[in-house]
Amino acid sequence: MDILQNIMSEFPGCEIDPSVEGCIDRIRDLYNAPFARMMSIEPTYISKDEVRMKMTVKPEFKNSHGICHGAAIYALADHTFAFASNLFVDATGQNTNTTYHRPATCDVLESVSKVINESRNLHVLDIRIYGNGKLISSGVYTAFKINRG
């Protein structure tokens with residue numbers, strides 16, 4: 001079994017692009033982050049330029065209106081951001097700007113990150129959260145590279 005098939009077997013339901021084959025240890029570490037595990041955040045696609053994740057909305061993630069709490073939505077976006085910005089180098093969040101477009105009344109949320117810009121010191125990502133195919137939130141997330149590899 002080659003390296004890519006081996007890592008994909010560790011994450012059923014996740015497609016891993018060959019562009020991140022050298023990042024296996026980082027993928028494992030990011031996947032096993034205690035907060036992400038508690039929130040049941042699962043990767044569904046990982047590549048150099050895009051990371052997708054999903055999160056099942058548990059009853060304890062809901063607010064007093066019975067819809068997904070904004071903090072839970074942000075947690076999915078933030079872990080997607082962490083995953084995407086730490087695949088190749090160590091990075092830490094510098095700034096986020098999130099807009100909520102509608103309430104999340106669905107059972108599963110999905111996130112998509114795409115690179116807006118990458119420089120020697122910064123990694124800037126567009127992170128979008130969807131529920132039932134509708135845009136729930138979007139934002140620009142900036143990471144400062146603390147170890148440029």
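Each residue takes its place number in the sequence, starting with 1.
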Heavy-atom closest contact ([X] atom, [Y] atom, distance):
X      : Y      : result
Asn132 : Cys106 : ND2-CB, 3.4 Å
Cys14  : Pro43  : CB-O, 3.4 Å
Leu125 : Ile116 : C-CD1, 3.7 Å
Phe61  : Thr56  : CE1-O, 3.5 Å

Cluster question for you: counting only ILVMFWY and a side-chain heavy-atom cut-off of under 4.5 Å, with indirect links fine, are [X] and [Y] together?
X     : Y      : answer
Leu30 : Ile127 : yes
Tyr45 : Ile27  : no
Tyr31 : Phe35  : yes

*With no hydrogens and no angle check, is any side-chain donor or acceptor of His65 less than 3.5 Å from a backbone partner on Ile67?*
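Not at all, since once roles are kept as given, no pair shorter than 3.5 Å links the two residues.
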*Tell me, with the steps shown, if Lys114 and Asp49 meet side chain to side chain contact (heavy atoms under 4.5 Å, CB included).*
CA-CA 6 Å; Lys114 294 193 178 188; Asp49 298 315; over 6 Å; no
*asked:* The test is side chain to side chain contact (heavy atoms under 4.5 Å, CB included); show your working for Val112 and Glu50 and say whether it passes.
replied: CA-CA 7 Å; Val112 178; Glu50 184 176 326; 3.9 Å; yes
*So Phe81 and Tyr141, would you call those rings parallel, tilted or perpendicular, with 30° and 60° as cut-offs?*
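It falls in the tilted class, 30° to 60°.
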*For the residue pair Glu42 and Arg37, establish whether any side-chain heavy-atom pair is separated by less than 4.5 Å.*
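Yes, at least one pair of side-chain atoms sits under 4.5 Å.
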*Which of these passes side-chain contact (heavy atoms from CB on, under 4.5 Å) with Thr44: Lys54, Glu15, Met53?*
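For Thr44, the side-chain contact (heavy atoms from CB on, under 4.5 Å) test succeeds with only one of Lys54, Glu15, Met53, which is Lys54.
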